[in-house]
Amino acid sequence: MKKEILSGNEAIARGFADAGGRFAASYPGTPGTEVLEELCRLQGIHAEWSINEKAALEAALGGSLSGVRSMASMKHVGVNAAADPLMTASYTGVNAGLVLMAADDPGMFSSQNEQDTRHFARMAKIPCLEPSDSQEALDFTGLALELSEQFDTPVILRTTTRISHSRSVVEVSKAAAVRPRAFKKNIRKYVMLPAYARERHKAIEKRLLKLKRWAEKASINQIIRGDGGLKQVDRLGIIASGISFQYVREAFPEASILKLGMTWPLPEQMIREFADSVRKLAVVEELDPFIEDAVRAMGVRVDFGKNVLPLTGELTPGIVFGGISGRRENKSKTPIAGIPERPPNLCAGCSHRGLFVVLSKMKTFVSGDIGCYTLGALEPFSAIHSVLCMGASVTMAHGISTGLKLRGIKQKPVAVIGDSTFLHSGITGLINLAYNGGDAIVVIMNNDTTGMTGGQEHPGTGRNARKEQAPRVDIMGLCRACGLRAREIDAYDIRSLEALFREEMAASGPVVFVSNQPCALRYRLAKKPLEIDAEKCTGCLKCLKAGCIGLKVESKTGRRYVSVDKLICSGCGICARLCKADAFVEA
Amino acid sequence: MTGADIVVAGVGGQGILLAGRVIAEAALAYGFDVKQSEVHGMAQRGGSVVSHVRFGEKVFSPVIEPGCCDLLIGFEPVEAIRNIHFLKKGGKLVCNTRKISSLAALPASEESPLDAEKILYSRLPDALLIDGASLAAEAGDPRALNFVLLGAVAVFLPIPCSRLEAVIKKSFSGKTLEINLKALKMGRNFKK
């Protein structure tokens, strides 16, 4: 068999294709984005970027009902948006297999929280599978589709950043031929009006019991007996799943491990027997004590769990070893102190920069949203004052404007949102703002892509996931259709933009600003780089307000001046517009 | 067969992930089990980027522990310092000398410029510091920095350099391939 190195996300896509998956829907979100991107490269699959995760899951359920194996993939916070259909899709069950792939982000490499998706599985009373490497990511995706059909349930396939974005060796197998299932109406199963839903609730409780019995015998839940080489850890038993399993193998090669491939529902009998066979029991898991609480609720004693391991962030083999053995980490293994941080920042040439240069001069409250423009909260701009979740910039600005009005405070808040996020859930908030008389300036930074996740298409770009032409949403027209005024802005022209803000701040009534400058990273918009005439530069450092890493402070001749890194500069000219000495020239 | 644990560190956009992947593919082709850990997302926007590559007979964790790394490949000297605690005793460091300024460093940089090379040498007297950016430009493209560095570290890898070359040949073609192979050779021939 052919061996390949695949990321967990790529492996999930291959596993879906190999198991005869046909319909896949997703909304981009780190660390889950690449599942759909990989599916777009494969033949015979309809892969689409949905407008949001709720739409993705509902569409995937529709795909399942039509008789083809389907999947919705998303990041952990996307499951919140999809929670509404999820809770009732558990009741309706499926026709062909349906998988919800959810990628958690312990350590928050690129997220606003580190919620634990496994709780959703318990709440929805559906199975949750957790692969521990790319091979399992591939295998478990096929298994999830089979389980889904066997038990008539959606199945959650849960990864974490280290599973989704780690790459490991996978044996690639051949795709199985899977026949579509019959497409039939079934009103009592698929129409969840109360009388039918009551019947279904009983059915899913029975289903959960059946799944528990399956879990006891499932080969994905397995006991790996340690060699017991070291006396002090002899007969230490550890329950682990996902990436934690790999950390445990690394930290305690001689311990016995109960590796759970399915973390909901749990194999109670297996856990009891395992606990009885070891002297000390540990449960090792990232984030919440999900397994640990359930094991304790069985009346089984847990010696090591969240009493010695952190509730926040990622684990490592070192943290696992230190927590359970009680031995401290060596000090020489900690980073050198005092190294300047390197926070992420806006790309050279990004149009968001002009907006934040202007907003940083305003006194008003700016509610931000999820996307590259979140970076406007950082130095030197400090121009974003709240970021909550997808779409909240608009709704929160509405609430703030209403509250300020009630208090008699004259201030017009600003909302900043990107095109993809606006279509995801900003538009509902904008209708709400218009309808309820909110008074804010809503800025839509339409850069013609989903930027932060690496440049995916959306209904505003006019191209679908496979880059084919698709109907294009007219964002300005959409705002006007809500009954609002919409004005186009040029975010690079910071003087005019400031004047426009001041004009609208003084006026009454809401307005939408739309910037239509494309993403500098995705569309590689390099103009000629700029240069600084060192003679003319007064060293006032006003240009650094542009917050661009293309600018460097020099002090070679005992005099302070700024230079431009030609490899980084894209010639957008925002720094030059901040210069009072006219020191910037075209290179 | 003894494998290696390698940390590749630099700034988003420098080609760190690609360098890690080339080593991983070469290790797989040479018969090793391989695991790699990458962090995407916010890091793309000029932030710190780290890629861990582990290969050996059997690899469990995709993440390398501090104090356990055989080879640190620094694409940027400050990022090398940030990750130097990953190196084990006797571990090797190969680092590009060209600094990339960071926003947070800007206001302070005029008062106390961090002498990165001095710090690296004081910790690791046998560190191989190389002006990879200039060599890459000489090879034909400043973006070929990752191949210059791969060439320079080849001598420390338990994989023959020809395996790296084979992966590069499989992944590129035409003018880019020519430049990348030239960069690899220049890195390999670099002497302190």
Side-chain angles (χ1 to χ4, degrees), chain A residues 3-5 7 30-31 33-34 109-111 133 161-162 165-169 243 245-247 249-250 314 316-318 329-330 332-336 338-348 372 375 378-380 452-454 521 541 544 547-549 551-555 560 565 567-568, chain B residues 11-13 20-21 24-25 27-29 32-48 52-53 58-68 76 78-79 81-86 89 99-110 113-114 116 119 123 133 142-143:
Chain A
K3 281 184 177 178
E4 267 188 75
I5 302 176
S7 72
T30 314
T33 313
E34 299 82 2
F109 291 97
S110 195
S111 301
D133 60 20
T161 302
R162 294 290 175 194
H165 283 177
S166 285
R167 291 156 47 82
S168 60
V169 182
I243 195 67
F245 164 73
Q246 305 291 357
Y247 297 159
R249 299 249 21 211
E250 190 102 14
E314 287 190 294
T316 64
E329 271 193 67
N330 190 335
S332 69
K333 293 180 184 173
T334 52
I336 297 178
I339 310 163
E341 275 185 52
R342 195 185 298 276
N345 46 63
L346 297 173
C347 302
C372 296
L375 299 172
L378 304 181
E379 293 286 339
M452 185 56 108
T453 45
L521 181 71
L541 305 188
L544 297 192
C548 182
I549 58 164
L551 297 173
K552 220 181 205 169
V553 183
E554 311 272 4
S555 51
R560 191 171 73 173
D565 187 330
L567 285 179
I568 295 172
Chain B
V11 179
R21 287 179 186 202
E25 293 289 347
L28 175 69
F32 285 112
D33 183 26
V34 186
K35 277 193 182 163
Q36 232 188 310
S37 192
E38 299 174 349
V39 171
H40 309 206
M42 295 282 268
Q44 247 179 6
R45 311 285 169 265
S48 305
H52 291 193
V53 187
K58 175 80 191 151
V59 181
F60 293 113
S61 165
V63 186
I64 297 167
E65 287 286 292
C68 297
E76 202 275 347
V78 178
E79 293 309 313
I81 297 172
R82 198 188 306 286
N83 290 283
I84 206 163
H85 63 289
F86 277 97
K89 225 176 160 191
K99 268 204 210 178
I100 296 178
S101 62
S102 68
L103 278 182
L106 276 178
S109 63
E110 44 171 338
L114 192 64
I119 297 174
R123 289 281 180 126
R143 284 174 299 178

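Quick caveat: nothing in here was measured; it's all calculated off a predicted structure. Within every chain, numbering begins at 1; the chains are lettered A, B, ... in the order of the sequence lines, protein sequences first and strands thereafter. Basis for what follows: all heavy atoms, side chains included, without hydrogens, waters or symmetry-related copies.
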Residue pair B:His85 / A:Thr334, side-chain heavy-atom distance below 4.5 Å: no

Report which part of A:Pro31 has an atom under 4.5 Å of a heavy atom belonging to chain B: side chain, backbone, both, or neither. neither

Distance (rounded to the nearest 0.5 Å) between A:Ile549 CD1 and A:Ile568 CD1: 4.5 Å

With a 4.5 angstrom heavy-atom cut-off, could you sort out which part of A:Glu4 is near chain B: side chain, backbone, both or neither? backbone

Which of B:Lys35, B:Gln36, B:Glu79, B:Glu25 touches chain A most, by non-hydrogen pairs under 4.5 Å: B:Gln36

May I ask you to test the B:Phe32-B:Val59 pair for a side-chain heavy-atom distance under 4.5 Å? no

Residue part contacting chain B, namely of A:Ile243, when any heavy atom lies under 4.5 Å: side chain

Measure distances from A:Leu567 to the heavy atoms of chain B and classify the residue's part below 4.5 Å as side chain, backbone, both or neither. side chain

Note, A:His165 side chain near A:Phe109 side chain (heavy atom, < 4.5 Å): no

Closest heavy-atom contact between A:Ile5 and B:Ala24? CD1-O, 3.3 Å

Counting heavy-atom pairs under 4.5 Å with chain A, which one of B:Ile81, B:Val53, B:Ile84 comes out on top? B:Ile81

